[in-house]
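Take a look at the structure below.
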Amino acid sequence: MATMPSIDEWLREAKQDPGFRNCGMYLVHNGTVRETPKAKARGIETDGVAAGEKVGGMHFDYDEQRVQAAVEEARALPGIEYVRVWLNRGELELGDDIMLVLIGGDIRPRVIDALQLLVGTIKNECVSEVERPA
């Protein structure tokens, strides 16, 4: 398990990037391990914890090349000037940080859409999350 970087430091660095002059908004996503299983929260069947049980932790891993491709896709979206992603790895406990995503862009709708697309792509195509029961 890694230590999550500082959001404040990331924002300071983003505002030093040449693209900051075109950024009217930055959004941050900080995903954490929750007690509610994915089967209940999303209403989908999983290989992890059943809907009526509680999560005690998870094993988390990711494909670096797929994540990098998702980041590049987000950077290419209209109005998006800055994208940065950090992902944890290994055995995680409740409350541990899973991911940190920072996106900067020109206007709110574009930044919100880019964040939603990137986080969705990472969660659906790039990572492996295996919940374990409490």
Side-chain angles (χ1 to χ4, degrees):
M1 184 180 83
T3 302
M4 185 180 82
S6 164
I7 295 169
D8 291 336
E9 183 62 32
W10 272 24
L11 284 168
R12 277 192 291 278
E13 291 172 10
K15 291 175 184 178
Q16 297 301 311
D17 185 83
F20 88 93
R21 288 179 172 81
N22 298 319
C23 288
M25 178 179 200
Y26 292 92
L27 280 179
V28 174
H29 168 80
N30 177 208
T32 61
V33 180
R34 67 173 179 266
E35 184 176 63
T36 307
K38 190 184 293 188
K40 181 176 182 181
R42 300 227 171 120
I44 59 172
E45 194 172 317
T46 70
D47 293 334
V49 178
E53 299 176 12
K54 292 183 179 181
V55 173
M58 75 166 52
H59 179 80
F60 187 83
D61 203 359
Y62 59 95
D63 181 310
E64 292 179 32
Q65 289 180 326
R66 285 185 176 175
V67 171
Q68 187 58 38
V71 166
E72 294 305 319
E73 181 182 342
R75 279 192 182 121
L77 294 171
I80 301 305
E81 296 289 337
Y82 193 84
V83 179
R84 191 160 180 188
V85 172
W86 169 86
L87 298 170
N88 210 338
R89 184 174 257 154
E91 296 301 320
L92 307 179
E93 303 301 324
L94 288 181
D96 283 350
D97 299 298
I98 297 171
M99 75 170 67
L100 183 63
V101 176
L102 173 63
I103 295 190
D106 56 359
I107 59 174
R108 181 176 28 89
R110 288 179 171 176
V111 178
I112 290 170
D113 288 349
L115 181 69
Q116 186 167 329
L117 176 69
L118 179 55
V119 171
T121 300
I122 290 170
K123 296 282 286 178
N124 295 323
E125 300 175 19
C126 304
V127 305
S128 167
E129 298 173 292
V130 180
E131 299 170 330
R132 63 175 191 277

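Values reported hereafter were calculated over all heavy atoms of this structure, with side chains retained and with hydrogens, waters and symmetry mates removed.
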Does Lys38 come within less than 4.0 Å of Glu129, counting only side-chain N to carboxylate O? yes

Any chance CD of Gln116 has more than 12 other-residue heavy atoms, nucleotides or ligands included, within less than 6.0 Å? no

Looking at every heavy atom in both Arg110 and Ile80, which two are closest together, and how far apart are they? O-CD1, 3.6 Å

A side-chain contact here means heavy atoms from C-beta on lying under 4.5 Å apart; do Pro37 and Glu53 qualify? no

Counting C-beta onward and ignoring hydrogens, is there a side-chain heavy-atom pair between His29 and Leu118 closer than 4.5 Å? no

Closest heavy-atom contact between Phe60 and Asn88? CD2-O, 3.1 Å

Distance check, rounded to the nearest 0.5 Å: Met4 atom CE versus Ile98 atom CD1? 12.0 Å

About how many Å separate CG of Asn30 and CH2 of Trp86, when rounded to the nearest 0.5 Å? 8.0 Å

ILVMFWY network linking Val127 to Leu100, side-chain heavy atoms under 4.5 angstrom: no

Heavy-atom closest contact (Val49 atom, Glu131 atom, distance): N-OE1, 3.4 Å

Give me the atom names and distance for the closest heavy-atom approach of Val111 to Asp106. CG2-N, 4.3 Å

One should read off an interatomic distance between Arg84 CZ and Ile103 CD1, to the nearest 0.5 angstrom, of 13.5 Å

Do other residues, nucleotides or ligands put more than 12 heavy atoms under 6.0 Å from the CD atom of Glu72? yes

Heavy-atom closest contact (Tyr26 atom, Leu102 atom, distance): CB-CD1, 4.0 Å

Salt-bridged, Glu93 to Arg132, with N to O below 4.0 Å? yes

Is there a path of hydrophobic side-chain contacts, each under 4.5 Å between heavy atoms, that joins Met58 and Leu94? yes

So which heavy atom on Ala39 is nearest to which on Ala51, and how close? CB-N, 3.8 Å

Establish whether Val83 and Val28 are linked, either directly or via other cluster members, by ILVMFWY side-chain heavy-atom contacts under 4.5 Å. no

Does Arg21, at its CZ atom, have more than 12 non-hydrogen atoms belonging to other residues, nucleotides or ligands within less than 6.0 Å? no

Tyr62 and Leu117: same hydrophobic cluster, using ILVMFWY side-chain contacts below 4.5 Å? yes

Would a single hydrophobic cluster contain both Ile7 and Val101, if residues Ile, Leu, Val, Met, Phe, Trp and Tyr are joined by side-chain heavy-atom contacts under 4.5 Å? no

Supply the atom-to-atom distance Leu87 CG to Cys126 SG, rounded to the nearest 0.5 angstrom. 8.0 Å

With rounding to the nearest 0.5 Å, note down the distance linking CZ in Phe20 to CG in Leu11. 13.5 Å

Has the side chain of Arg66 got a donor or acceptor atom that lies under 3.5 Å from a matching backbone atom of Glu125? yes

Looking at CG of Asp113 and CD1 of Ile107, how far apart are the two atoms once the value is rounded to the nearest 0.5 Å? 9.5 Å

